[in-house]
A.B. asks: 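Below is the structure I would like to discuss, written out as structure tokens.
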There are 2 protein chains.
Amino acid sequence: MKLTSKGRYAVMALVDLARFDNINPVSLRDISLRQGISLDYLEQIFSKLKKNEIVKSIRGTQGGYVLNKNPNDIKLTNIFHAVDEKVKTVQCKKESKKGCNGKATKCITHNLWDELEVHINTFFENKSLKDLLNNNKETRV
Amino acid sequence: MKLTSKGRYAVMALVDLARFDNINPVSLRDISLRQGISLDYLEQIFSKLKKNEIVKSIRGTQGGYVLNKNPNDIKLTNIFHAVDEKVKTVQCKKESKKGCNGKATKCITHNLWDELEVHINTFFENKSLKDLLNNNKETRV
DNA sequence: ACATACCTGACTAAAATGGTCAAGTTTAGA
DNA sequence: TCTAAACTTGACCATTTTAGTCAGGTATGT
């Protein structure tokens, strides 16, 4: 299973973006400074977010990024998926007709990982950017 | 967050062990053959399981491993913990009095990861080796 | 005594991670 | 029109983690 800094950065950056994009597009430079994330790395991440239509870009001076959807419609599952954080448990190989061990049957724990995956994905599907915004306002600095 | 093959192997091996240890200790060689896991790797894993008192070892000919507890009392969380699969989301650094970014405050998404961690741990704490055994009998080959 | 099986630690190839670096293109505004 | 801000793209890389292998042990039942 993968759930690393890239995913966390993506979420942090989007929450930041959501808080500031009412007025103007938000530049990655600003996000980088506020959140302490490398600019170059942010560019990689936003490239993926854009491809997945989570954000829109505006080029040129005063340009930046804006959300492409309502914060309520951006679920965590969308964000993680966009930056290739596959919320997949370690997989048994799904090749041809063979089972998990190269044997003809499913491995002993196959069902377990399926269950876990559902469990985690449920969490992510029920959590939107808006939820995080609200949550953050409460404990705002 | 880490959840890799080592954890999966540990679970697979323990389920296998639980199914056969009523009669005799089970040798790693047998588990290796049945589950298709490298013997050398299994030895590393069982060394940890033993340190965490999940299994007991019996040396010498006809030796092997047996469970050290009732399958109902071996939760997944114990197993993962034993083999160093820390079910931890990527952490903000917890150094000194500083917050997550080296700033004085918690990072925007701090609460989110805490929630997620609880969510996943709950799943693991409620799942025992016995559950897996039963589950496996149903779909037994 | 000897085969079986546990035990331990060092080592390693390959992949993933978390970036950096370089060289663009686009566009607002002076 | 010139320029600087900001997006765009792709290559590159050091470090860490993963998933093992290898080479020796030591203990013990028969």
Side-chain angles (χ1 to χ4, degrees), chain A residues 1-13 17 20-21 24-33 35-52 54-66 68 80 83-86 88-93 101, chain B residues 1-13 17 20-21 24-33 35-52 54-66 68 80 83-86 88-93 101:
Chain A
M1 157 179 281
K2 286 169 56 184
L3 239 190
T4 66
S5 288
K6 191 183 289 185
R8 192 174 104 242
Y9 287 165
V11 175
M12 286 170 67
L17 183 59
F20 289 93
D21 84 340
N24 289 314
V26 181
S27 73
L28 294 190
R29 193 168 159 278
D30 288 352
I31 297 179
S32 169
L33 290 173
Q35 302 301 328
I37 305 168
S38 141
L39 176 60
D40 286 309
Y41 203 27
L42 273 179
E43 284 174 345
Q44 284 182 37
I45 292 169
F46 271 76
S47 160
K48 295 183 179 192
L49 292 175
K50 190 188 169 188
K51 268 184 200 137
N52 284 265
I54 292 171
V55 297
K56 276 187 297 191
S57 67
I58 293 153
R59 302 184 70 155
T61 320
Q62 304 301 324
Y65 286 92
V66 291
N68 198 19
F80 288 133
V83 297
D84 295 323
E85 294 271 48
K86 299 181 209 312
K88 283 250 159 195
T89 49
V90 198
Q91 274 307 355
C92 322
K93 287 169 195 166
N101 310 327
Chain B
M1 157 179 281
K2 287 168 56 182
L3 239 189
T4 65
S5 288
K6 191 184 287 185
R8 191 174 104 242
Y9 287 165
V11 174
M12 285 170 68
L17 183 59
F20 289 93
D21 84 340
N24 290 314
V26 180
S27 73
L28 294 190
R29 192 169 160 280
D30 288 351
I31 296 178
S32 169
L33 291 173
Q35 302 301 328
I37 305 169
S38 140
L39 176 59
D40 286 308
Y41 202 29
L42 273 179
E43 282 175 348
Q44 286 183 36
I45 291 168
F46 272 77
S47 161
K48 296 185 177 188
L49 292 175
K50 190 188 170 188
K51 269 186 198 134
N52 284 265
I54 291 171
V55 297
K56 277 186 297 193
S57 67
I58 293 151
R59 302 184 70 151
T61 320
Q62 304 301 323
Y65 286 92
V66 291
N68 199 19
F80 288 133
V83 297
D84 295 323
E85 294 271 48
K86 299 181 208 314
K88 285 248 158 197
T89 49
V90 197
Q91 274 308 354
C92 320
K93 285 169 195 166
N101 309 329

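Below, chains carry the letters A, B, ... as their sequence lines are ordered, and counting in each starts from 1. Keep in mind that the numbers below use all heavy atoms, side chains included, and drop hydrogens, waters and symmetry copies.
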A.B. asks: Whole angstroms only, please: what is the NZ-C1' distance between B:Lys51 and C:dG9?
C.D. replies: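 Computing the B:Lys51:NZ to C:dG9:C1' distance gives 11 Å.
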A.B. asks: Can you name the side-chain contact (heavy atoms from CB on, under 4.5 Å) partners of B:Arg29, sequence neighbours left out?
C.D. replies: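 So B:Arg29 forms a side-chain contact (heavy atoms from CB on, under 4.5 Å) with B:Ser27, B:Leu33.
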A.B. asks: Taking N and O atoms by type only, does the side chain of A:Gln44 place a donor or acceptor under 3.5 Å from a partner on the base of D:dT8?
C.D. replies: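 No pair found.
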A.B. asks: For a quick check, with a 4.0 angstrom heavy-atom cut-off, what is the B/S/- contact string for nucleotides 22-28 of chain C, read 5' to 3'?
C.D. replies: --BBBBB
A.B. asks: Report the distance from atom CZ of A:Arg8 to atom C1' of C:dG18, rounded to the nearest whole Å.
C.D. replies: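 In whole Å, C:dG18 C1' lies 12 Å from A:Arg8 CZ.
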A.B. asks: Have a look at A:Phe46 and say if it touches a base, only the backbone sugar-phosphate, or nothing, with a 4.0 Å heavy-atom cut-off.
C.D. replies: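 Nothing: the residue A:Phe46, judged by heavy atoms under 4.0 Å, touches no strand.
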A.B. asks: Could you tell me the separation between the CD1 atom of A:Ile45 and the P atom of C:dT20, rounded to a whole number of Å?
C.D. replies: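 Computing the A:Ile45:CD1 to C:dT20:P distance gives 11 Å.
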A.B. asks: Kindly write out the residues that satisfy salt bridge (charged side-chain N to carboxylate O under 4.0 Å, His left out) with B:Lys6, not counting sequence neighbours, or none if the list is empty.
C.D. replies: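 So B:Lys6 forms no salt bridge (charged side-chain N to carboxylate O under 4.0 Å, His left out) with any residue.
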A.B. asks: Out of C:dC6, C:dT20, C:dT17, which nucleotide sits closest to the side chain of B:Ser57?
C.D. replies: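 Taking heavy atoms from C-beta onward, the closest nucleotide is C:dC6.
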A.B. asks: Can you measure B:Leu42 atom CG to C:dT8 atom C1' for me and round it to whole angstrom units?
C.D. replies: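 Between C1' of C:dT8 and CG of B:Leu42: 16 Å.
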A.B. asks: Let me know the distance between CD1 of B:Ile37 and P of D:dT18, rounded to the nearest Å.
C.D. replies: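 After rounding, the gap between these two atoms is 17 Å.
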A.B. asks: Which residues satisfy the side-chain contact (heavy atoms from CB on, under 4.5 Å) test with B:Ser38, sequence neighbours excluded?
C.D. replies: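 Partners of B:Ser38 under the side-chain contact (heavy atoms from CB on, under 4.5 Å) test: B:Asp40, B:Tyr41.
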A.B. asks: In whole angstrom, what separates A:Leu39's CG from D:dA5's P?
C.D. replies: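 Computing the A:Leu39:CG to D:dA5:P distance gives 13 Å.
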A.B. asks: Please give, in whole Å, the distance from D:dC7 P to A:Tyr41 OH?
C.D. replies: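 Taking OH of A:Tyr41 and P of D:dC7, I get 18 Å after rounding.
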A.B. asks: So what does A:Tyr65 touch, heavy atoms closer than 4.0 Å: a base, only the sugar-phosphate, or nothing?
C.D. replies: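 Sugar-phosphate, no base atom in range.
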A.B. asks: Could you list the residues that satisfy side-chain contact (heavy atoms from CB on, under 4.5 Å) with A:Ser47, not counting sequence neighbours?
C.D. replies: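 By the side-chain contact (heavy atoms from CB on, under 4.5 Å) rule, A:Ser47 matches A:Lys51.
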A.B. asks: Whether A:Ser47 contacts D:dT8 is assessed here as follows: a side-chain N or O lying under 4.0 Å from the phosphate OP1 or OP2. Is that the case?
C.D. replies: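 Looking at the OP1 and OP2 atoms of D:dT8, neither is under 4.0 Å from any side-chain N or O of A:Ser47.
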A.B. asks: My understanding is that only residues two or more places apart in sequence, or in another chain, count here; which of them pass side-chain contact (heavy atoms from CB on, under 4.5 Å) with A:Asn24?
C.D. replies: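 A:Asn24 satisfies side-chain contact (heavy atoms from CB on, under 4.5 Å) with no residue once adjacent residues are dropped.
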A.B. asks: Quickly work out the A:Lys48 NZ to C:dT17 P distance and round it to whole Å.
C.D. replies: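 My rounded result for the distance is 10 Å.
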A.B. asks: Please determine whether a side-chain nitrogen or oxygen atom of B:Lys50 lies at a distance below 4.0 Å from atom OP1 or OP2 of C:dC6.
C.D. replies: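 Indeed not, no polar side-chain atom of B:Lys50 lies that close.
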A.B. asks: Would you indicate, yes or no, if C:dG18 has its OP1 or OP2 atom less than 4.0 angstrom from a side-chain nitrogen or oxygen of A:Ser38?
C.D. replies: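 So the side chain of A:Ser38 is outside the cut-off, no N or O lying under 4.0 Å from OP1 or OP2 of C:dG18.
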A.B. asks: Given 3.5 Å as the limit, does a donor-acceptor pair link the side chain of B:Ser32 with the main chain of B:Ile37, or not?
C.D. replies: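 The answer is yes, because a donor-acceptor pair under 3.5 Å joins these two groups.
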A.B. asks: Would you say a side-chain N or O of B:Thr4 is under 4.0 Å from OP1 or OP2 of D:dT17?
C.D. replies: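 Answer no for this pair, as no side-chain N or O of B:Thr4 is under 4.0 Å from OP1 or OP2.
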A.B. asks: Once you apply a heavy-atom cut-off of 4.0 Å, does B:Val55 come out as touching a base, just sugar-phosphate, or nothing?
C.D. replies: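 Counting heavy atoms under 4.0 Å across all strands, no contact is made by B:Val55.
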A.B. asks: Quick one: closest heavy-atom pair of B:Pro25 and B:Gln62, and the distance?
C.D. replies: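 Residues B:Pro25 and B:Gln62, closest heavy atoms: CG-O, 3.7 Å.
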